[in-house]
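The figures that follow rest on heavy atoms only: side chains count, while hydrogens, waters and symmetry mates do not. First the proteins, then the strands, lettered A, B, ... as listed; each starts at 1.
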2 protein chains.
Amino acid sequence: MTHTELDAKMRILLAAKKLFADQGFDGTSVRQICDEAGANVALVSYHFGGKENVFAALFDQFFPSERIDEFFKQQMSPVEGVKLIIAEVIRFRKSDPELAKITDQEVVTRSPRTHHLKRRILPLWTKLRGLLEEGRERGDFRFGSLDQGLLFVMGSVLFPKNVHMVESILQEEPLSVDAIIEETQIFVLRGLGMVESDK
Amino acid sequence: MTHTELDAKMRILLAAKKLFADQGFDGTSVRQICDEAGANVALVSYHFGGKENVFAALFDQFFPSERIDEFFKQQMSPVEGVKLIIAEVIRFRKSDPELAKITDQEVVTRSPRTHHLKRRILPLWTKLRGLLEEGRERGDFRFGSLDQGLLFVMGSVLFPKNVHMVESILQEEPLSVDAIIEETQIFVLRGLGMVESDK
DNA sequence: GTCTATATGGGGATAGAC
DNA sequence: GTCTATCCCCATATAGAC
């Protein structure tokens with residue numbers, strides 16, 4: 001982790017991450033990727049074995065699977081858990097906006113690549129569903145449909161704001177990550193009908 | 001509107017809507033579109049002048065611009081307005097899930113086609129922003145950042161549920177449209193910190 | 001590991017017959 | 001309005017030299 005020049009393999013990964021985020025997988029050619037990376041076209045085949053595998057390697061490299069694993073080891077109350085998931089997801093999306101965008105794209109397009117994402121992210125959303133259920137049973141929350149509640153939380157956390165179309169509506173100075181997390185926690189917990197005891 | 005066979009132009013439009021929704025614009029070829037439409041490849045050029053223009057024509061044909069125009073003629077209080085926008089948007093997305101998906105894709109991918117969408121939809125979100133602002137001034141709502149509040153409402157309404165990746169987490173029987181609208185209104189108004197007087 | 005050169009297919013688009 | 005046949009370009013991928 002010195003100032004050494006990155007090798008071609010990593011440069012290709014970084015270029016692919018950037019371009020996939022901007023233009024989508026299908027909208028990006030390996031030629032573009034290699035231009036951006038300052039690498040030769042043939043190196044995609046050599047290092048990864050094709051464009052599809054570059055996509056897979058992206059998630060191997062940059063998706064925070066260990067962090068999710070650690071999260072699952074913890075014990076927590078529903079309210080704590082919901083707040084923690086909100087904070088962690090927002091923090092990750094802020095730390096790697098490109099991977100977040102790629103993820104968002106895969107959610108709305110049925111692609112032969114979805115499983116890379118599903119495998120890694122579904123456990124977290126399933127956990128969230130469990131927390132909501134438990135929280136409602138314990139009387140912490142009061143909302144109607146569990147599925148619908150889950151969707152609201154996901155929507156509040158995942159709705160993309162660093163995309164051009166959304167940015168063009170916003171007018172205020174961007175908040176700090178911590179401020180965004182806090183506002184999201186407040187909105188979500190209120191929305192779920194949390195009985196006001198801690199907040 | 002009889003049982004007359006649709007002409008090739010319309011068949012192409014419908015096929016394109018379906019395929020763009022499933023696979024994205026770049027992931028769909030005009031050959032695929034014409035196969036699906038039972039039409040000849042050359043007809044895309046003849047009727048539209050290219051694939052890009054098929055996309056534009058899709059919004060000319062199916063986007064409910066008149067309905068939005070009518071909405072703008074009405075006078076309404078912030079709470080009423082927010083509830084109405086929630087209801088209208090959810091109703092439209094349910095009535096044309098394919099166009100909704102295409103819209104969602106355009107939001108997360110910077111494409112040379114975004115302006116078709118922006119031109120039509122931004123006025124509505126700007127109006128919503130105004131309603132939130134007015135509502136907060138009047139004391140109907142209490143929330144922090146206006147931009148952030150706007151994003152929460154948009155996320156709650158727009159988060160896609162009829163996509164495979166999201167569906168695989170859900171477990172309950174789907175709600176009726178009216179039930180979804182009601183739950184969304186409750187979640188959003190609670191989240192915005194509405195002072196409980198009408199609801 | 002990295003390059004050049006090339007193979008092979010599919011992409012969008014159109015000329016011109018019907 | 002609709003078809004066939006064709007053009008040309010750009011896509012991914014690889015063989016083989018360095």
Pairs where residues 20-52 of chain B contributes a residue and the test ring pair (Phe, Tyr, Trp, His ring centres under 6.0 Å) is met, not counting sequence neighbours: B/F20-B/F25, B/F25-B/F55
CZ of B/F48 versus C1' of C/dT14: gap in Å, rounded? 17 Å
In whole angstroms, the gap separating P of C/dG1 from OH of A/Y46 amounts to 5 Å
Between CD on residue B/E133 and CD on residue B/E137, distance to nearest 0.5 Å: 5.5 Å
How close or far is atom C1' of D/dA13 from atom CD of A/Q32, stated in whole angstroms? 17 Å
For DNA chain D, determine which residues of residues 15-28 of chain A have any heavy atom closer than 4.0 angstrom to one of its atoms, and list them numerically. A/T28
Could you tell me which residues satisfy salt bridge (charged side-chain N to carboxylate O under 4.0 Å, His left out) with A/K18, sequence neighbours excluded, listed by chain and number? A/E36
Could you tell me how far apart B/D7 (CG) and D/dT2 (C1') are, to the nearest whole angstrom? 12 Å
Could you check which of C/dG1, D/dC3, C/dA13 has an atom nearest any side-chain atom of B/S45? C/dA13
Enumerate the residues from residues 49-60 of chain A whose closest heavy atom to DNA chain D is under 4.0 Å, giving them by residue number; use none for an empty result. A/G50, A/K51
Using side-chain hydrogen bond (donor to acceptor under 3.5 Å, both in side chains) as the criterion, list what pairs up with B/N162, not counting sequence neighbours. none
Between P on C/dG12 and CG on B/L43, what's the gap in Å once rounded to a whole number? 15 Å
Using ring-ring contact (aromatic ring centres under 6.0 Å, His included) as the criterion, point out the one residue from B/F141, B/F187, B/F143 that pairs with A/F187. B/F187
Report the residues that fulfil side chain to side chain contact (heavy atoms under 4.5 Å, CB included) with A/R67, sequence neighbours left out, ordered by chain and then residue number. A/P64, A/E88, A/R91
To the nearest angstrom, how far is B/I12 atom CD1 from D/dT2 atom C1'? 10 Å
Nearest-angstrom distance from the residue atom CG of A/D35 to C1' of C/dC3: 15 Å
Could you work out, with salt bridge (charged side-chain N to carboxylate O under 4.0 Å, His left out) as the rule, every residue matching A/R93, not counting sequence neighbours? A/D104
Only counting residues at least two apart or in another chain, list the ones meeting side-chain hydrogen bond (donor to acceptor under 3.5 Å, both in side chains) with B/D26. none
Atom pairs, protein N/O to nucleotides 4-10 of chain D N/O, distance under 3.5 Å:
{"from": "D/dT4", "atom 1": "OP2", "to": "B/N40", "atom 2": "ND2", "distance (Å)": "3.3"}

What residues, two or more places apart in sequence or in another chain, satisfy side chain to side chain contact (heavy atoms under 4.5 Å, CB included) together with A/D7? A/K9, A/M10
With sequence neighbours left out, what residues match A/E172 under side chain to side chain contact (heavy atoms under 4.5 Å, CB included)? B/R129, B/S145, B/L146, B/D147
Just jot down the side chain to side chain contact (heavy atoms under 4.5 Å, CB included) partners of A/I169, sequence neighbours excluded, or say none. B/L122, B/W125, B/T126, B/L150, B/M154
